[in-house]
Amino acid sequence: MRLALRIAYDGTAFYGFQRQPDLRTVEGEIIRVLTKLGIIEDVESSNFKGASRTDRGVSAFFNVVAFDVASRPDLVRPEVLNFHLKDVWVLGVAEVPEDFHPRFWAKSKTYHYYLIDEGFDEKAMRECAKLFVGTHDFSAFARLEPHKDPVRELIRIDIIKRQGYYVIELEGKSFLWEMARRIVNALRFCGLGLLTGEEVERMLNGEYSRKIPPARPEGLVLWRIEYEGIEFRGDEKGIRKAKRDLFERYSEALTRAALFGDLLLGL
């Protein structure tokens with residue numbers, strides 16, 4: 001039996017998603033619990049795979065891992081797994097075909113970036129965002145890896161204004177390393193008047209001497225991955241545990257934000 005987990009996590013608690021020796025990672029935490037409970041024997045025999053290898057500091061509301069169950073499939077439930085996991089929450093489980101690979105079966109991925117309003121020219125940001133939509137060579141807006149094709153299709157960018165900040169929503173079929181964060185920083189620079197639409201167009205056409213640096217990873221969350229015919233199901237107790245843990249983090253962050261807000265007002 002092959003199962004897939006829909007997971008959420010606080011990326012600031014880990015050294016990225018992909019397992020690394022002697023470092024705490026999202027994959028490492030999940031594998032630790034699955035082997036502890038006897039659900040899998042090891043990574044190789046279980047054909048353990050992940051959908052997206054998010055960077056250090058990047059969070060997720062919807063990432064996916066899949067594995068072949070060695071025994072005890074009855075334990076593969078959010079209620080059980082969330083009791084043992086720390087800083088990771090299982091929000092759903094799905095039985096999947098034997099050849100299911102969470103990265104290659106994904107139809108699209110959606111990221112949200114939370115960008116504090118620095119007095120942006122919103123119209124300039126929106127005009128800049130239109131330039132990225134479609135199929136382009138994103139070499140100027142990514143950290144390239146050997147043998148990786150820099151051409152990607154960005155399906156849409158939505159800029160959602162909130163009170164004091166923006167949510168930048170990016171959907172694409174696949175993303176290069178740091179691509180989402182570098183595009184966000186380009187939008188930020190356009191909103192601050194530091195970058196023009198003409199310069200962005202030239203960069204997309206390969207005319208550049210310097211790349212756009214990435215925005216901070218803490219503002220990015222993998223929000224959604226689309227699959228065809230895969231349905232993830234949660235349970236009430238498991239979701240309640242996730243809500244409780246997330247509310248604690250929300251309360252702590254809000255308290256700190258209020259504290260520093262008053263310090264700024266007092267200067």
Side-chain angles (χ1 to χ4, degrees), residues 1-98 100-103 106 112 217-218 220-225 227 230-256:
M1 178 187 294
R2 188 161 179 79
L3 296 176
L5 306 178
R6 174 195 166 183
I7 57 170
Y9 48 85
D10 176 2
T12 64
F14 299 97
Y15 286 85
F17 179 84
Q18 192 173 17
R19 60 188 179 277
Q20 302 177 58
D22 304 318
L23 292 176
R24 188 168 188 259
T25 67
V26 177
E27 259 193 343
E29 174 67 6
I30 296 168
I31 292 165
R32 178 187 70 81
V33 170
L34 292 177
T35 52
K36 171 186 172 183
L37 296 176
I39 295 168
I40 66 172
E41 292 182 1
D42 53 54
V43 172
E44 288 73 24
S45 65
S46 65
N47 192 22
F48 185 96
K49 302 294 182 184
S52 184
R53 296 176 294 176
T54 52
D55 291 338
R56 180 179 180 180
V58 176
S59 299
F61 182 59
F62 196 129
N63 204 344
V64 175
V65 298
F67 49 88
D68 298 335
V69 178
S71 62
R72 300 307 303 271
D74 57 303
L75 296 180
V76 187
R77 308 195 315 272
E79 176 187 355
V80 175
L81 297 175
N82 289 347
F83 178 81
H84 295 276
L85 289 165
K86 184 175 175 53
D87 305 310
V88 181
W89 303 276
V90 175
L91 303 183
V93 180
E95 186 171 350
V96 294
E98 290 183 4
F100 175 78
H101 192 300
R103 177 154 53 99
H112 283 184
E218 292 81 6
L220 186 64
V221 57
L222 176 55
W223 192 253
R224 178 79 187 175
I225 302 178
Y227 294 100
I230 305 296
E231 182 180 355
F232 293 91
R233 297 184 179 181
D235 58 55
E236 185 178 344
K237 288 185 178 179
I239 301 300
R240 189 161 61 238
K241 172 69 162 57
K243 283 183 176 180
R244 186 166 62 248
D245 290 349
L246 288 170
F247 183 77
E248 287 180 6
R249 283 166 171 75
Y250 170 76
S251 299
E252 291 172 4
L254 197 60
T255 300
R256 296 287 287 173

**Q** Can you name the nearest heavy-atom pair linking Pro78 to Gly234, along with the distance?
**A**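 So the two residues come closest at CG-CA, 4.0 Å.
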**Q** If I take atom NZ from residue Lys36 and atom CG from residue Leu34, how far apart are they, to the nearest 0.5 angstrom?
**A**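 Result: 11.5 Å between the selected atoms.
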**Q** Can you tell me if Arg2 uses its side chain to pair, donor with acceptor, with the backbone of Asn47 under 3.5 Å?
**A**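 Checking the backbone N and O of Asn47 against the side chain of Arg2, a donor-acceptor pair under 3.5 Å is found.
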**Q** When rounded to the nearest 0.5 angstrom, what distance separates OG in Ser46 from CD1 in Ile39?
**A**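 CD1 of Ile39 is found 11.0 Å from OG of Ser46.
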**Q** Count the heavy atoms of every other residue, nucleotide or ligand shown that sit under 6.0 Å from CZ of Phe232, and state whether that count exceeds 12.
**A**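 Yes - once you tally the heavy atoms of other residues, nucleotides and ligands closer than 6.0 Å, there are more than 12.
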**Q** Is there a side-chain contact between Phe17 and Val65 (heavy atoms, below 4.5 Å)?
**A**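 Yes. Closest side-chain heavy atoms under 4.5 Å.
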**Q** What's the spacing between Tyr250 OH and Thr255 OG1 if we round to 0.5 Å?
**A**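 The OH atom of Tyr250 sits 9.5 Å away from the OG1 atom of Thr255.
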**Q** Checking Asp235 side chain against Gly238 main chain: does a donor-acceptor pair fall under 3.5 Å?
**A**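 Present.
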**Q** Write down the atom of Leu85, the atom of Val88, and the distance for their closest heavy-atom approach.
**A**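 In terms of heavy atoms, the two residues are closest at CB-O, 3.4 Å.
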**Q** Measuring from Asp68:CG to Lys49:NZ, what's the distance to the nearest 0.5 Å?
**A**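 Here the rounded value is 10.5 Å.
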**Q** Restricting to non-hydrogen atoms, name the atom on Arg24 and the atom on Lys86 that form the minimum distance, rounded to 0.1 Å.
**A**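 Taking every non-hydrogen atom into account, NH2-O, 2.9 Å.
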**Q** Check salt bridge (charged side-chain N to carboxylate O under 4.0 Å, His left out) between Glu218 and all other residues, then give those that pass, not counting sequence neighbours.
**A**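 Arg216.
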**Q** Show your reasoning for whether side-chain contact (heavy atoms from CB on, under 4.5 Å) applies to Phe100 and Ile230.
**A** CA-CA 10 Å; Phe100 175 78; Ile230 305 296; 4.2 Å; yes
**Q** Quick check: do Phe83 and Val33 have side-chain heavy atoms less than 4.5 Å from each other?
**A**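 Not touching, per the 4.5 Å side-chain cut-off.
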**Q** CD/Gln20 to OH/Tyr15 distance, rounded to the nearest 0.5 angstrom?
**A**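 Spacing of CD (Gln20) from OH (Tyr15) equals 10.0 Å.
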**Q** Hey, is the main chain of Gly11 close enough, under 3.5 Å, to the side chain of Ser59 for a donor-acceptor pair?
**A**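 Checking the backbone N and O of Gly11 against the side chain of Ser59, a donor-acceptor pair under 3.5 Å is found.
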**Q** Between Ser52 and Asn63, is there a donor-acceptor pair closer than 3.5 Å when you use the side chain of the first and the backbone of the second?
**A**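 Looks like no, no N/O pair under 3.5 Å.
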**Q** Which atom pair, heavy atoms only, marks the closest approach of Phe62 to Trp223?
**A**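 Distance-wise, the nearest heavy atoms are CB-O, 3.3 Å.
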**Q** Can Leu91 and Ile239 be said to form a side-chain contact (heavy atoms from CB on, under 4.5 Å), step by step?
**A** CA-CA 6 Å; Leu91 303 183; Ile239 301 300; 4.0 Å; yes
**Q** State whether the side chain of Asp87 and the backbone N or O of Ala13 hold a donor-acceptor pair below 3.5 Å, judged by distance alone.
**A**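 The answer is no, because no donor-acceptor pair under 3.5 Å joins these two groups.
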**Q** Hey, which of Val64, Leu222, Leu81, Ile30 is the one that makes side chain to side chain contact (heavy atoms under 4.5 Å, CB included) with Ile7?
**A**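 In the set Val64, Leu222, Leu81, Ile30, the residue that makes a side chain to side chain contact (heavy atoms under 4.5 Å, CB included) with Ile7 is Ile30.
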**Q** Looking at Arg19 and Thr25, what are the two nearest heavy atoms and their distance?
**A**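 Of all heavy-atom pairs spanning Arg19 and Thr25, the closest is CA-OG1, 3.2 Å.
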**Q** Flag the pair Val76 / Phe67 as yes when at least one side-chain heavy-atom distance between them is below 4.5 Å, and no otherwise.
**A**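 Yes - at least one pair of side-chain heavy atoms lies under 4.5 Å apart.
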**Q** Which atom names give the shortest non-hydrogen contact between His84 and Leu37, and what distance separates them?
**A**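 Smallest interatomic distance, heavy atoms only, reads NE2-CD2, 3.7 Å.
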**Q** With the threshold set at 4.0 Å, does a side-chain nitrogen-carboxylate oxygen contact exist between Arg249 and Asp245?
**A**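 Not counted as a salt bridge, because no side-chain N and carboxylate O are separated by less than 4.0 Å.
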**Q** As an exercise, state the distance from NZ of Lys241 to CD of Glu79, rounded to the nearest 0.5 Å.
**A**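 That separation rounds to 12.0 Å.
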**Q** Check whether any side-chain heavy atom of Met1 lies under 4.5 Å from a side-chain heavy atom of Glu95, and answer yes or no.
**A**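 Yes - at least one pair of side-chain heavy atoms lies under 4.5 Å apart.
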**Q** Should Phe48 and Glu27 count as side-chain neighbours, where that means a heavy-atom distance under 4.5 Å?
**A**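 Heavy-atom side-chain distance check passes, below 4.5 Å.
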